[in-house]
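What follows is one structure encoded as structure tokens, with my remarks underneath.
Everything quoted here is computed from the prediction, not taken from an experiment.
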Amino acid sequence: MRVWLLVSMIACQQDPQTTPAGGEPLAFLPDAGPVQVDPESVGDDGLILDRLVVRLRADADADDLDAVLAEVGGTVTSARPGVPWITVGIPAVHDLAEAEGIAARLEAVDGVGGARPAWLVVPENPTSGFREAPAPLEANGNAALGDQRFFAAWNATSLAKTRVPVVVVDYFTANRALPQLSGLHFVGPEAPVLQLKNDDGEYDGNHGFWVTSLLGADADGRSPIGTHPAPATTLDITAINALGVGDMVDIMHVMDRHLPSGFFVLNTSLGFNARTPLEARAEAALLWRELIQEHGGSFLHTTSAGNDGLRDPQQSRFNSPFYAQSSVDDLRALLTGDDLDDFADVWEDALERRPALAAVQGHTVVVGASDDVGAEVGFSNRGADVRMLATAATGVCAKKDKTCADTAFGLLLTADGTSAAAPQAAGLAAWLRAIDPTLDAAALRQALIAHYDGRWVDALSATLALESRGKPVRTTWLDQDGDRDFDDADVLALAVALVEGDAAPADAARTWPRADLNGDGRVRSDTRTSVDLDGDGELGVVVVTVPGIEATDDETLELSEFELSDSDILCWAAYGTLFTGDAESRDSLVRTRCQPSPGLITATASASSRVSSYVPTEADCEIDDDDGVTTGQSLETETPLPISLVADQASVTATLEGSNTLRVEGFWDAKTTVSDTCLNGEVYVATSHAYFTVYVTVVPLGDVVFQPLIYDPGTSFQGCDVNQACGRLEDGAVLVGGQSYQLTFEGGGNDSAGSMTFLGQFLPLP
């Protein structure tokens, strides 16, 4: 009863002279609430037992509102002047049927366009969590940042001079910042004093801190680290707490009240209660569209795709009003049958008031989830605009529960979920804006989508692309001593780093490798990645001339932008137009490193190269246990490498790296199962297995030495020469120039799982 009294007082205290001037539709509505939901008034299915959502017609007046409240003996629990959707407090009902009955009575009141039960909004809960401490973390505190090349992008830190407003709408246990989020501040409703664990034994309010830390945790060497190397100077993070607020309409009112003016980045990782009717979801999408127009669409919005594993993008759109609003112009296309008939009047009424609502508003990016190899995760709803790496994401907690672990870095949660994907995209957008404040919301959205490589959004590529907007990103990326140029001192620093490898950086505050140029997260590794060196927007071959001792010894170095090591990038930069230092000093440092290696290797596949796998189709009580699909891919003779072989659960990659290194990697997994419960109660289970054999012909132009750098003891390598004389290929074996050798790498697994890696290097004889 205290709730109703409080709201009545709020309504009565409204000064009629302070409400919007007459003539505006629904201007009489108070700017009130929302009143926080009492946890005891929420049913097990999320139905709010003492609240209804009411939609008023544009021609409704104050008398109509009074009639609504009199009909149910209730009060306004949340409203905004001019906004047709309000929530109304009612005496608590017992079940959904009773709530629907009262809603039907309200629909007969003059000025009412519709009424429905209210459903508690829920966060996109992580799909997994850990009771114990997360696995040991790398020094960077978040491996996902390295995979998505954030650390290499951070080499442009000195250009990030603009502080970007970021708003996170989520669930927080308390309106106060944690140590790893020192720059976070709150607006809007306070967190409820009484907090209950959900059915999974977790505090919903931990979700917001986990999400926000993946975006903006301090890069101070403690785990986790967010998307910015200096969040205190590049991010202004504001949280709007949705915990206990109520229905999606209530949350919309809060957002309308507290979203800032001017440009900002918005992240939402929450969605509808699963019981919310489809028509109500479409109405909420329309309401959000109206509020975007109120704010001028001046913000970039990242939102999670949802964790329901929906394969049909049409269904996925209903995860949240944010996803739905951005998915289709005519929101009537979301509905069919009676839902469409009921929504048609709402749609026409809204367009009569605001014709611009007929099209998608704002600049939303729907973000799905990828695993650590870039594949779309099964739980991620389909149809997202982009994906980010969102498995085993470690963020902070505020309140101890079964998923939050005590660690040396405080309470941490490691979990999967599209909720982890969206804030990383938001952080990257804010990072780009910090470097170039002329990027508006449309340009930022395009930047995220244009640099989505099918796995995740590539932070390094998106950052380097700012060069075309007049930002000296490439020079800054290479500048090691901070003097704003790339000279022989920088070449020396990079050359030393490439020799020493992943040594601790000299700057104790830096937690990422400064000399990581290609974005593989390491220095001096053999991993190669794609980089658009020349900034032409395409990947191809770049050419530089490396001078010899005599002019006649000059060498032309050709580099594929598809596959570049840190050393390759150093050579391109040292002998390209970005270099401004002393040429003689540069040559003494890197000329030998950068000249093309003798004894060039060519590699082709023999006709017998093949990868195969057995994978069950789906669990089906009508088929035998051994039914499934065997897939495979054979390589044509003389197929040039690099080449990738992929067949469902098994994959093998053979890659010629640079001029003298052949990498062969294989993986198999026989643990994947699907099952079905038959009518007789028996459970049918199908299990997959995979096997592969790769044959690669290596043709050296001069005598070379075979040297396995990484060798799995369970794997053997066979070499066959042109005369088919075969034998085990040992470390140090000499391959004679002019002859063809066949390298056999073989492995497989039935009822097993694992991986094999061979990295063989062919070096000229001394």
Side-chain angles (χ1 to χ4, degrees), residues 32-39 41-42 46 48 51 53 77-80 83 85 87 118-126 166-177 181 184-198 202-215 237-260 264-274 276 280-281 284-285 287-288 291-292 299 301-304 306-307 319-323 325 395 397-399 417-420 422-423 426:
V35 174
Q36 287 185 339
V37 174
D38 182 349
S41 69
V42 179
I48 305 176
R51 190 169 298 188
V53 175
T77 50
S78 184
R80 292 281 285 158
V83 178
W85 283 271
T87 59
W119 298 91
L120 188 69
V121 178
V122 295
E124 282 289 343
N125 280 327
V166 178
V167 179
V168 179
V169 181
D170 216 297
Y171 283 45
F172 298 86
T173 56
N175 287 20
R176 61 177 181 273
L181 289 164
L184 177 65
H185 62 278
F186 288 80
V187 297
E190 287 287 338
V193 175
L194 176 62
Q195 294 188 34
L196 301 178
K197 294 180 180 179
N198 60 31
E202 306 163 11
Y203 287 105
D204 284 338
N206 280 328
H207 185 268
F209 287 110
W210 179 66
V211 165
T212 309
S213 65
L214 296 174
L215 188 161
I237 306 178
T238 300
I240 297 178
N241 200 339
L243 185 62
V245 168
D247 189 271
M248 188 62 75
V249 168
D250 297 311
I251 291 179
M252 295 288 182
H253 290 166
V254 173
M255 293 173 67
D256 185 35
R257 188 177 289 111
H258 295 290
L259 289 179
F264 60 96
V265 174
L266 170 67
N267 185 82
T268 55
S269 293
L270 45 85
F272 288 114
N273 184 294
T276 305
R281 300 186 190 206
L287 171 56
W288 174 234
L291 299 186
I292 292 175
F299 56 92
H301 180 196
T302 57
T303 191
S304 57
N307 301 330
N319 174 68
S320 70
F322 318 115
Y323 194 161
Q325 186 285 133
C397 292
K399 199 173 180 68
T418 58
S419 288

Is there side-chain contact between [X] and [Y], with heavy atoms separated by less than 4.5 Å?
| X | Y | result |
| --- | --- | --- |
| Met252 | Trp85 | no |
| Thr87 | Pro34 | no |
| Asp247 | Leu120 | no |
| Ile237 | Val168 | yes |
| Val121 | Val245 | no |
| Cys397 | Tyr203 | no |
| Phe299 | Val265 | no |
| Ile292 | Gln325 | yes |

As an exercise, state the distance from [atom1] of [X] to [atom2] of [Y], rounded to the nearest 0.5 Å.
| X | Y | atom1 | atom2 | answer |
| --- | --- | --- | --- | --- |
| Phe209 | Leu184 | CZ | CG | 6.5 Å |
| Leu270 | His207 | CG | NE2 | 8.0 Å |
| Asp204 | Phe172 | CG | CZ | 12.5 Å |
| Trp210 | Ser269 | CH2 | OG | 8.0 Å |
| His253 | Leu291 | NE2 | CG | 7.5 Å |
| Thr268 | Trp288 | OG1 | CH2 | 7.5 Å |

Identify the two heavy atoms, one from [X] and one from [Y], that lie closest to each other, and give their separation to 0.1 Å.
| X | Y | value |
| --- | --- | --- |
| Thr302 | Ala426 | OG1-CB, 3.2 Å |
| Gln36 | Leu243 | NE2-O, 4.2 Å |
| Asn175 | Gly188 | ND2-O, 4.2 Å |
| Leu215 | Pro423 | CG-O, 3.5 Å |
| Arg257 | Gly33 | NH1-O, 3.2 Å |
| Ala280 | Thr276 | CB-CG2, 3.8 Å |

Salt-bridge test for Asp250 and Arg51: reply yes if a basic N is under 4.0 Å from a carboxylate O, no otherwise. yes
Between Gln195 and Thr173 (side chain of the first, backbone of the second, donor and acceptor by atom type, cut-off under 3.5 Å), is there such a pair? yes
Kindly say whether Gly271 contributes a backbone atom to a donor-acceptor pair with the side chain of Ser320 at under 3.5 angstrom?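 A pair under 3.5 Å: no.
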For the pair Lys197 and Glu202, evaluate side-chain contact (heavy atoms from CB on, under 4.5 Å) and give the outcome as yes or no after the intermediate values. CA-CA 5 Å; Lys197 294 180 180 179; Glu202 306 163 11; over 6 Å; no
Working note: Leu259 + Leu266, criterion side-chain contact (heavy atoms from CB on, under 4.5 Å); need CA distance, chi angles, decisive distance, verdict. CA-CA 9 Å; Leu259 289 179; Leu266 170 67; 4.1 Å; yes
Among Asn241, Ile240, Val167, Val169, which one satisfies side chain to side chain contact (heavy atoms under 4.5 Å, CB included) with His258? Ile240
Please report whether the ring centroid of Trp119 lies less than 6.0 Å from that of Phe272.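 No, too far apart.
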